[in-house]
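We count residues from 1, following the sequence as given.
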Amino acid sequence: MLPEIRSRMRLTICDATTAMFERRAGYKPEHSWRYNGLLVSEDPVALDYIQAGRLSSENGRSMD
């Protein structure tokens with residue numbers, strides 16, 4: 001990677017205005033809820049872990 005790009009801060013932004021926990025394509029209101037938020041992190045893996053935990057807790061499932 002080029003040094004001028006590597007030295008810049010990178011953010012991963014997740015639009016979480018409406019969250020869905022069904023794996024199928026398309027919007028289904030029965031599998032969604034209004035979260036009304038943005039999740040922002042410098043670490044994309046940490047962001048994915050946090051959002052997976054929120055989805056699991058909303059869906060009533062354990063992440064394990």
Side-chain angles (χ1 to χ4, degrees):
M1 187 177 290
L2 300 172
E4 59 272 8
I5 295 173
R6 186 180 308 172
S7 64
R8 295 181 184 178
M9 179 184 295
R10 287 169 275 190
L11 292 176
T12 302
I13 302 172
C14 175
D15 173 2
T17 53
T18 301
M20 296 182 60
F21 55 84
E22 181 63 33
R23 294 181 185 209
R24 296 182 191 127
Y27 175 74
K28 299 206 185 251
E30 63 272 15
H31 297 173
S32 66
W33 77 98
R34 299 290 299 172
Y35 184 76
N36 292 326
L38 291 175
L39 302 173
V40 181
S41 177
E42 292 180 35
D43 183 348
V45 175
L47 181 68
D48 190 52
Y49 182 80
I50 294 298
Q51 67 84 19
R54 291 176 191 245
L55 286 173
S56 294
S57 65
E58 183 68 28
N59 196 20
R61 296 181 183 166
S62 172
M63 282 183 51
D64 296 329

**Report entry** From D43 atom CG to D48 atom CG, the distance as rounded to the nearest 0.5 Å
**Finding:**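 Between D43 CG and D48 CG, I get 10.0 Å after rounding to 0.5 Å.
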Report summary line: d(L39 CG, I13 CD1) to nearest 0.5 Å is 10.5 Å
Report task. Would you name the heavy atoms of A16 and Y35 that are closest together and state the gap between them? Result ->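 Taking every non-hydrogen atom into account, O-CB, 3.0 Å.
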Requested in this report: Identify the two heavy atoms, one from L47 and one from S41, that lie closest to each other, and give their separation to 0.1 Å.
Outcome: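 That closest heavy-atom pairing would be CB-CB, 3.8 Å.
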Query - Derivation of the side-chain hydrogen bond (donor to acceptor under 3.5 Å, both in side chains) call for T17 and R34 - result: CA-CA 6 Å; T17 53; R34 299 290 299 172; 5.0 Å; no
